[in-house]
Each structure stands twice: as C-alpha cells, then as structure tokens.
Amino acid sequence: MKGLYQAVKVSDHVYWVGAIDWNIRDFHGYATRRGSTYNAYLVLADKVTLIDTVKAPFKDEMLSRISSLIDPRDIGQIVSNHSEMDHSGSLPAVIDEIGPESVYASVMGAKTLGELFHPGPEIIPVKDGDSIDLGNMTLSFLETRMLHWPDSMFSYLVEDRLLFSQDAFGMHLASSERFDDQIDPAILEYEGATYFANILLPYSQLILKLLERVKGLGYQFDIIAPDHGPVWRKDLTGIFEQYHRWALQKPTAKAVVVYATMWHSTEMMAAAIAEGLISEGISVKMMSMDVAHRSDVAYEILDAGALVVGSPTLNNNMFPSMADVLYYLKGLRPSNLVGAAFGSYGWSGESVAQIETLLKEMKVDLAGESVKLKNVPDSEMLSSCFSLGIDVAQALKARL
Amino acid sequence: MQRYVCGICGYVYDPAEGDPEGDVPAGTPFEKLPDDWVCPVCGASKDEFSPE
C-alpha cells in the first residue's frame with residue numbers, strides 16, 4: 001500500500017500515521033455523528049518508535065502512512081498507551097508483520113493486552129516515572145489509571161515537548177485537517193465536551209488531581225497528541241482550562257428535562273415543568289427520548305445544574321428508552337445536580353418511584369414533590385407540574 | 001467482615017481474600033490496610049473507598 005496514504009508532520013521528530021474513520025456513527029453506544037480518527041504516531045528518533053496503533057480494520061492505512069516515510073520494519077519499539085481495541089486492535093498483526101525489538105505498556109496494560117488477545121504480545125511493563133532511551137531522545141511515562149481504563153498512561157517526548165495523551169484531550173471528529181488551529185473552535189469545543197461527558201466524566205476527580213500533578217511536574221508542552229481527533233498545537237491552555245471546568249461540574253442555571261412519552265401525557269407534563277423553570281430564569285433543554293440520543297443527554301448534563309426526569313409506566317416499569325438513558329447517566333456519575341421525577345400512568349404507575357430511586361442512587365438531590373398522575377393531565381395537574389418546575393428552579397438557584 | 005468498594009473504579013476489597021498482588025494476606029480487615037495501600041485496579045487511595 002506504499003504511496004497511497006501520507007504521514008503528517010507534527011513536530012521535529014514526530015509524524016501522525018493514524019487512520020480516519022469517516023463513517024463510524026456508533027462508538028460503543030455513543031453517537032459519533034462526525035466520525036472519528038484513530039491516531040498513531042511515529043517518532044523518528046535513533047530508535048524509531050511507534051506510539052499506539054489503530055483499530056484492526058485500519059491497519060493497512062496506518063502501515064501505508066508509515067511507509068510514506070520509512071520501511072515499517074525499521075520500527076524498533078512500540079508503546080501502547082491505552083489497551084482499548086480502537087488503539088490496540090491491530091497491535092498483534094503489526095508486531096507479526098514488522099517484528100519490533102520491544103513493546104512497552106503499563107503494568108496494567110501488559111495484563112489487559114494478554115486478556116484481549118490470548119496470548120497477548122510480549123510486553124515490557126513500565127511504571128509511573130520510568131523513561132526509555134530512544135538514542136537521541138527520551139520518552140517518559142506517566143500512569144493515568146482509570147483515565148479512562150486501568151491501563152491508561154501518557155508518554156512525554158522530552159526533546160519535542162510533546163505529550164502523547166491517549167484518549168485524554170481527544171474527541172470523535174473525522175477531518176482531513178490534523179491540527180486544532182485548522183478547525184472551527186466551536187466544533188472543537190462541542191466535540192471535546194461531548195467526548196468528556198461520554199467517556200471521562202466518571203473520573204472527574206482523578207482529572208482534577210492529574211491536572212494538578214502535571215502542573216507540579218513542571219513539564220513544558222508545545223504539543224498534545226491525543227488518540228482521537230486533532231492534535232493540539234495552538235490552544236493548549238484552552239483545552240486544559242476546559243478540562244478543569246468540565247471536571248469541576250460546577251452547576252449553571254440550566255436544567256435538562258429528559259422524558260419518554262406514550263400518548264403525550266408525560267410530554268405535556270414535561271412542557272409545564274419546563275415553563276415553570278423558564279419562568280424562574282432557568283435555561284431549559286427539553287429532550288424526548290423518542291428523538292434524543294443518550295450521548296446527547298450526557299453532553300447537555302455536563303454544564304447543567306438540574307436533571308428532571310419523566311416517564312410513563314409501561315407494564316409496571318419505566319419506559320425502556322428512559323431506563324436506557326438513566327442507567328447510562330448513572331454510570332457517568334454526574335455530580336452537583338438537583339432534580340425531580342414525574343410521569344403519567346394508566347393503572348399501576350410504578351415509573352415515578354423507580355426514577356426517584358435511580359436519581360437518589362445518582363446522588364441527585366430531589367427538589368419538590370414528584371408529580372405522578374393518572375392518564376391525561378387536566379389544567380390543575382399541569383399547574384402542579386409548573387410548580388414543580390419552580391421548585392426545582394429555586395433549589396438550583398440556591399446552589400449557584 | 002465488612003467489604004469496601006472503590007469509589008473510582010468499583011473494585012471491591014474483600015477481607016476474606018485480601019490483596020495478594022499488594023502482599024495483603026487473606027483475613028486483613030480494611031481498617032488494618034496500610035495507609036499507603038492503593039486500589040489494585042485503579043490506584044485510588046484508601047479514602048476513596050466506602051463500605052459496600
């Protein structure tokens with residue numbers, strides 16, 4: 001495949017040799033409407049080093065890009081910063097094809113790769129603070145466990161002041177441009193926030209600690225090279241500040257009203273609650289699970305201060321699309337939220353109590369009395385929904 | 001004996017098993033783990049754990 005795909009220069013010694021997946025739309029349940037990239041990087045040091053690989057079907061694209069610079073068999077070392085298959089899927093085949101001298105990963109990475117590939121490749125485990133000598137350059141490792149897998153680590157190329165940050169600071173965005181300054185900043189912020197909300201949110205506390213730690217290490221960064229989306233070479237301060245803000249999850253005057261509906265009764269309730277919230281000056285995002293995707297709800301929750309959830313009762317349970325999004329959100333562990341539950345029902349009406357239970361498990365502070373009503377709401381019932389909106393708004397405003 | 005769950009990754013410390021990789025013998029209650037003991041899965045410190 002030599003000659004078709006080209007490498008892109010990132011710094012004095014580093015080239016992007018990844019793959020562009022223009023068509024992926026579902027990334028393990030996260031809607032990736034702009035596609036993605038799997039970034040691998042080639043370090044042309046005395047000892048040529050490949051940082052991460054790509055998802056299995058894209059192996060030839062990566063090898064072709066490498067071939068635009070060197071014979072892939074000249075790669076002496078591979079570093080796996082993150083074992084997830086979109087970065088390691090082609091690792092065993094690449095090792096077979098090019099026969100590197102050494103493959104490095106974190107201790108947990110070595111373990112995980114073994115469990116993924118049965119048997120995994122032979123790995124030299126590296127620890128936090130270790131470095132390897134690339135002849136004329138040095139690559140240092142920083143463990144970033146649970147950001148976002150136990151194996152995750154960063155690699156720092158000292159001479160080029162370049163951080164290989166695996167999934168951190170990345171986003172699902174397919175583009176022919178490789179750098180942040182070549183892409184509309186509004187798109188970068190939207191896709192970066194969506195990625196954070198759907199992948200990194202549960203580990204916000206660790207991110208805050210990591211940002212502090214990195215500051216303390218005194219590293220200088222000219223370039224941040226993540227495993228998805230564009231390379232940061234211009235606005236590094238901006239992406240650090242965004243990560244800090246997103247990880248803090250400081251509530252804003254915004255409520256997400258997420259609901260499912262069968263015959264529009266729960267939807268009428270949602271509209272009345274939204275009007276109550278708006279009357280108190282709260283910005284509202286209404287999300288019907290008939291049309292919204294769970295990952296869009298995660299994005300909206302990132303800067304919200306309230307989560308109001310409604311569902312009808314279907315065969316003694318909350319509506320399936322509501323269970324989907326609530327379990328998804330629960331796993332993402334958003335914090336600092338107030339909320340409420342509501343729903344219409346035909347005869348048994350279990351959904352509201354089920355939602356309340358889940359919201360409590362998510363540590364959402366319930367504001368006001370949940371509203372549960374039979375069949376189609378009348379104007380009085382809609383007034384109680386409007387009041388619930390006001391109650392939630394006031395509880396939220398007390399926290400701002 | 002009380003099991004403790006890691007608030008970061010969900011690993012459960014079970015005193016009946018201890019933490020063989022961290023040289024903690026079976027039968028060690030959570031309270032008796034050294035202060036610098038960390039979660040064997042994600043490296044979280046003891047204060048990230050809560051009773052299961």
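What's counted below: heavy atoms across the whole structure, side chains too, no hydrogens, waters or symmetry copies. Here is how names work: the chains are called A, B, and so on, in the same order as the sequence lines, proteins then strands, and each is numbered from 1.
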Could you name the residues of residues 9-33 of chain B that have a heavy atom within less than 4.5 Å of a heavy atom in chain A?
-> B/C9, B/E21
Other residues, nucleotides, ligands: >12 heavy atoms within 6.0 Å of [X] [atom1]:
{"X": "A/E122", "atom1": "CD", "result": "no"}
{"X": "B/D35", "atom1": "CG", "result": "no"}
{"X": "B/K46", "atom1": "NZ", "result": "yes"}
{"X": "A/Y219", "atom1": "OH", "result": "yes"}

Minimum heavy-atom separation for A/M146 to B/C42, with atom names?
-> CG-CB, 2.8 Å
Judged by atom type as modelled, is there a donor-acceptor pair below 3.5 Å linking the side chain of A/R333 to the main-chain atoms of B/I8?
-> yes
Should the pair A/K209-B/E48 be classified as a salt bridge under the 4.0 Å nitrogen-to-oxygen rule?
-> yes
